[in-house]
Amino acid sequence: MPLKRLKTTMISGGGLLDDAEEKQITNRAVRDWLAEYKDAVYEADDFLDEIAYEALRQELEAEAQTFIKPLEIMGLREIEEKSRGLQESLDYLVKQKDALGLINRTGKEPSSPKRRTTSLVDERGVYGTPHTEDCSFSKKLENIREAQLLRTFQTYPHNWICPPEFYNEIFQSTHCRLRVLFMTNCRDASVLSCSISKLKHLRYLDLSWSDLVTLPEEASTLLNLQTLILEYCKQLASLPDLGNLKYLRHLNLQRTGIERLPASLERLINLRYLNIKYTPLKEMPPHIGQLAKLQTLTDFLVGRQSETSIKDLGKLRHLRGELHIGNLQNVVDARDAVEANLKGREHLDELRFTWDGDTHDPQHITSTLEKLEPNRNVKDLQIDGYGGLRFPEWVGESSFSNIVSLKLSRCTNCTSLPPLGQLASLEYLSIQAFDKVVTVGSEFYGNCTAMKKPFESLKTLFFERMPEWREWISDEGSREAYPLLRDLFISNCPNLTKALPGHHLPSLTTLSIGGCEQLATPLPRCPIINSIYLRDASRTLGWRELDLLSGLHSLYVSRFNFQDSLLKDIEQMVFSPTDIGDIAIHGVASLKCIPMDFFPKLNSLSIFNCPDLGSLCAHERPLNELKSLHSLEIDQCPKLVSFPKGGLPAPVLTQLTLRHCRNLKRLPESMHSLLPSLNHLLISDCLEIELCPEGGFPSKLQSLEIWKCNKLIAGRMQWGLQTLPSLSHFTIGGHENIESFPEEMLLPSSLTSLTIHSLEHLKYLDYKGLQHLTSLTELVGSKSNFPLTVHEGFVTLPSCQNNMHRIKLICLLPKDSDPNFLLQA
């Protein structure tokens with residue numbers, strides 16, 4: 001009775017706390033009362049928790065038929081006396097409410113919308129470890145020592161690696177009152193072994209991304225634990241006996257290395273959530289069906305024994321959300337699948353069926369899938385590794401009107417696709433690895449009617465890895481299919497010769513074709529298409545094929561052969577490609593010229609690994625103005641010797657990247673005037689470029705990276721960097737003959753970041769070249785040869801120590817690393 005009254009007092013006092021939270025901002029007396037009241041509540045909460053813990057421990061010992069000791073914490077008389085003392089403290093504090101003007105707001109709205117500054121678990125009850133420069137390691141430890149009422153500990157940001165000393169201090173200083181503990185990214189999880197058994201009040205434990213190899217046996221003593229998160233503990237191979245954790249509701253083991261779940265899992269009678277995604281588990285533990293309250297089970301792996309049969313699924317009546325049923329090859333009797341009762345699970349909206357292994361009996365496999373028919377509410381369905389010769393009738397049945405996403409993969413024995421065209425809500429469809437399908441025809445569309453177009457809602461369609469597929473046939477009943485299709489992907493279908501010749505795809509915006517070397521039919525009619533990705537080794541592309549695609553905006557071509565009549569085709573096009581804005585050409589051996597000014601709306605151009613490319617214009621004349629070009633990247637084009645005569649007239653170009661063009665002799669002419677908007681210039685491994693362009697670099701340049709360009713770097717004093725008022729980032733590297741850097745007056749005072757990388761013979765940094773860099777805050781250099789010394793944790797640059805107080809970040813890179821990764825991150 002005293003315990004029940006104490007708990008009631010604590011609950012009813014919540015309304016007083018709400019009012020005190022608002023008034024303590026301006027009233028010192030209320031603030032003092034609030035602190036004292038919270039201390040009393042904390043003490044009462046710990047006391048009640050202790051009693052509950054001990055009661056549960058005794059219950060478990062009784063179940064195990066072990067000797068039951070009397071209450072170890074105190075006798076019944078002591079419990080009553082302690083309860084009465086706590087009750088009197090709370091009553092005394094509650095009586096002060098009238099004098100302080102406090103109102104019990106239980107069930108009432110706050111009097112004003114003022115922001116709550118604290119909560120029941122206030123700043124003394126919650127501790128985070130902000131990763132800031134102003135909070136030293138020793139200061140954080142001191143804060144923890146003072147946090148005697150700590151209930152919650154969490155690092156911030158969440159990926160910050162907390163040193164083991166923090167956890168040692170927490171376990172020693174908080175008298176183990178913790179309710180919530182985040183030990184994410186812990187690099188010495190062994191600290192748990194010594195202290196975890198003390199955390200008897202713990203409700204929530206997050207050990208994700210830690211280096212745990214095994215969870216300590218002591219974890220089984222956390223009798224109040226409700227949530228245990230171990231996701232991404234990739235070295236974690238096993239779990240101890242968890243059967244005592246009767247209050248555990250949430251267990252997350254995603255992407256751990258656990259191969260077998262403990263048999264004691266069946267005793268977790270309150271478990272609602274079990275996540276075992278992407279683990280090497282082969283089967284479920286015995287009697288998984290006893291977890292009657294389970295609502296989320298990400299995977300059910302069928303075993304070969306009767307204790308891990310698919311029939312156990314039928315006992316888990318409250319499952320909802322997603323479920324993957326794997327190892328279906330282990331189903332011995334197809335009739336067992338009926339007892340899983342998937343047809344009656346109206347809250348399971350994501351289902352995946354997987355077979356891995358022997359599929360020697362196609363009839364048995366078909367019968368199994370037939371009896372796994374899901375509820376009509378299913379929205380996402382995946383069937384993987386199915387070995388039947390045909391699909392059961394329910395696959396593609398129009399009554400499955402809620403299916404939005406469907407993936408069929410590795411169905412290697414099927415000779416035809418199921419009739420999917422009548423799935424009214426289907427938006428995403430992926431067909432992969434149907435090894436024996438030769439033709440996709442009318443059977444794919446289902447029973448077409450004049451009133452209903454096949455695939456009326458489909459937006460994305462994939463066909464992948466179909467080695468025998470030759471034809472995609474459309475008849476009169478299917479010509480109006482795919483009215484909303486936006487994205488079409490066909491890849492690795494090497495024998496496909498005919499696809500969608502008669503289809504009109506009014507909504508198609510993206511078309512991707514790759515690994516279809518025999519495909520010779522014209523592209524489908526797509527009036528609003530804006531992106532085409534073409535990847536093949538032998539197919540020949542002419543620009544006339546693109547002539548019908550007047551809305552084309554982005555073109556990506558890889559390993560295609562362009563026709564020799566490319567330029568002639570472009571000049572004779574009825575509609576010039578005026579809308580093409582983005583072009584990427586990779587690995588096209590036959591490409592000799594890309595006429596940039598034929599594309600007046602060109603926004604970005606990327607050319608990579610085109611060994612015969614020698615020109616960026618169609619004729620020996622200056623380029624027309626490229627009014628829309630913002631980005632130009634040229635990489636691994638060894639025959640490119642120069643830019644068009646007269647330079648690149650691109651007034652809005654902001655980024656120019658030149659890599660591995662080893663015969664390029666000159667940068668574009670008149671860069672300072674023709675490229676007035678250029679702010680990022682990268683030149684890497686262009687060995688023959690000697691001189692900076694006449695007039696220097698554009699005045700708005702903010703970032704300049706020059707790497708492995710010996711001839712160009714040798715003339716660096718003529719670059720005129722001092723005249724660039726906006727230059728803030730500068731990278732130099734890959735030169736063999738520099739002994740000191742930077743020279744006096746080489747770099748502008750606006751520089752904030754300087755990267756010096758792989759200057760093999762660099763002996764020292766020149767103070768005269770650094771002393772005027774008053775804005776420099778970041779210095780990056782090669783670890784192997786950068787002249788830095790470390791003494792008592794401080795980095796020292798010889799001859800320029802006086803400048804170091806301004807530099808906030810120093811990064812030492814490995815010798816052979818790419819210095820650009822910092823700028824790309």
Side-chain angles (χ1 to χ4, degrees), residues 259-263 265-266 268-269 271 274 276-277 279-378 380-397 400 408-414 418:
E259 298 181 358
R260 181 181 296 274
L261 293 171
L265 198 74
E266 64 177 275
L268 303 181
I269 56 175
L271 197 66
L274 178 58
I276 52 175
K277 271 186 177 181
T279 64
L281 282 169
K282 296 295 187 292
E283 63 181 11
M284 306 307 291
H287 311 300
I288 189 72
Q290 292 190 24
L291 302 180
K293 294 182 180 180
L294 204 58
Q295 296 178 4
T296 298
L297 176 63
T298 57
D299 300 74
F300 184 95
L301 304 172
V302 181
R304 297 181 180 275
Q305 309 302 320
S306 60
E307 293 88 352
T308 56
S309 164
I310 194 171
K311 292 191 290 185
D312 265 358
L313 264 178
K315 302 173 184 177
L316 304 176
R317 299 175 181 175
H318 301 292
L319 290 182
R320 59 184 62 242
E322 62 175 320
L323 173 63
H324 166 218
I325 305 177
N327 292 342
L328 280 167
Q329 72 278 1
N330 291 334
V331 174
V332 177
D333 189 337
R335 289 173 294 184
D336 291 347
V338 176
E339 297 191 37
N341 189 28
L342 294 183
K343 200 169 184 178
R345 305 301 176 83
E346 59 183 17
H347 298 297
L348 275 177
D349 48 29
E350 296 182 33
L351 274 174
R352 180 184 173 198
F353 303 127
T354 301
W355 285 258
D356 284 303
D358 190 7
T359 56
H360 65 280
D361 187 350
Q363 183 57 44
H364 168 67
I365 294 168
T366 300
S367 180
T368 300
L369 183 58
E370 186 175 28
K371 292 172 175 57
L372 288 173
E373 180 179 346
N375 187 273
R376 295 304 190 266
N377 288 335
V378 68
D380 187 322
L381 178 64
Q382 300 181 44
I383 301 175
D384 182 21
Y386 174 68
L389 301 178
R390 59 173 182 81
F391 283 91
E393 291 185 3
W394 67 260
V395 178
E397 199 172 276
F400 283 89
L408 306 176
S409 60
R410 296 190 304 130
C411 303
T412 53
N413 290 329
C414 290

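Throughout, residue positions are numbered sequentially from 1 according to the sequence presented.
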(request) Find out whether L408 and C414 are in side-chain contact, i.e. whether some heavy atom of one side chain is under 4.5 Å from a heavy atom of the other. (result) no

(message) Going by side chain to side chain contact (heavy atoms under 4.5 Å, CB included), name the residues that satisfy it together with E339, two or more places apart in sequence or in a different chain.
(response) K311

(request) Could I get the full list of side chain to side chain contact (heavy atoms under 4.5 Å, CB included) partners for I269, not counting sequence neighbours? (result) none

(request) Apply salt bridge (Lys or Arg N to Asp or Glu O under 4.0 Å) to R376 and list each qualifying residue two or more places apart in sequence or on a separate chain. (result) E373, E397

(message) Please enumerate all residues that pass side chain to side chain contact (heavy atoms under 4.5 Å, CB included) together with V378, with sequence neighbours excluded.
(response) L351, P374, F400, I403

(request) Drop me the distance from L297's CG to L274's CG, to the nearest 0.5 angstrom. (result) 5.5 Å

(request) Supply the atom-to-atom distance L268 CG to K293 NZ, rounded to the nearest 0.5 angstrom. (result) 12.0 Å

(request) Of all the heavy-atom pairs spanning L389 and P362, show the shortest one and how long it is. (result) CG-CB, 3.9 Å

(request) Output all residues satisfying side chain to side chain contact (heavy atoms under 4.5 Å, CB included) with K315, sequence neighbours left out; order by chain, then residue number. (result) D312

(request) Determine, step by step, whether L348 and N375 satisfy the side-chain contact (heavy atoms from CB on, under 4.5 Å) criterion, reporting the C-alpha distance in whole Å, the side-chain angles of both residues, the deciding distance to 0.1 Å, and the verdict. (result) CA-CA 8 Å; L348 275 177; N375 187 273; over 6 Å; no

(message) Just verifying a value: how many Å separate T279 OG1 and L261 CG, rounded to the nearest 0.5 Å?
(response) 7.0 Å

(request) For D333, check salt bridge (Lys or Arg N to Asp or Glu O under 4.0 Å) against everything at least two apart and list the hits. (result) R335

(message) By the salt bridge (charged side-chain N to carboxylate O under 4.0 Å, His left out) test, which pairs, at least two apart or in different chains, include something from residues 345-354?
(response) R352-D384

(request) Would you give the length of the straight line joining atom CH2 of W355 to atom CG of L369, rounded to the nearest 0.5 angstrom? (result) 4.5 Å

(request) Give, for atom CG of L265 and atom CE of M284, the distance between the pair rounded to the nearest 0.5 Å. (result) 7.5 Å

(request) Could you pull out all residues at least two apart from F300 that satisfy ring pair (Phe, Tyr, Trp, His ring centres under 6.0 Å)? (result) none

(message) If I compare all heavy atoms of A334 with all of S367, which pair ends up nearest, and what's the gap?
(response) CB-OG, 3.5 Å

(request) Go through the structure and list residues passing ring pair (Phe, Tyr, Trp, His ring centres under 6.0 Å) with F391, not counting sequence neighbours. (result) Y386

(request) Work out which heavy atom in N330 is nearest to a heavy atom in G303; give both atom names and the distance. (result) CB-O, 3.7 Å

(message) Measuring from atom CG of L271 to atom CD1 of I288, what distance do you get when rounded to the nearest 0.5 angstrom?
(response) 8.0 Å

(request) Flag the pair L328 / I310 as yes when at least one side-chain heavy-atom distance between them is below 4.5 Å, and no otherwise. (result) yes

(request) For N341, enumerate each residue passing the side chain to side chain donor-acceptor pair (under 3.5 Å) test, keeping only those at least two apart in sequence or located in another chain. (result) none

(request) Can you spot which of T368, V332, V331 makes a side chain to side chain contact (heavy atoms under 4.5 Å, CB included) with V302? (result) V331

(request) State which residues pass side chain to side chain donor-acceptor pair (under 3.5 Å) with K343; sequence neighbours excluded, sorted by chain then number. (result) none

(request) Please examine the side chains of R260 and E283, heavy atoms only from C-beta on, and report whether any two atoms are closer than 4.5 Å. (result) yes

Contacts under 3.5 angstrom, residues 317-327 side chains, donor-acceptor by atom type, not counting sequence neighbours:
residue: E322; atom: OE1; partner: K277; partner atom: NZ; Å: 3.1
residue: E322; atom: OE2; partner: K277; partner atom: NZ; Å: 3.3
residue: H324; atom: ND1; partner: D299; partner atom: OD2; Å: 2.8
residue: H324; atom: NE2; partner: T354; partner atom: OG1; Å: 2.9
residue: N327; atom: ND2; partner: K282; partner atom: O; Å: 2.6

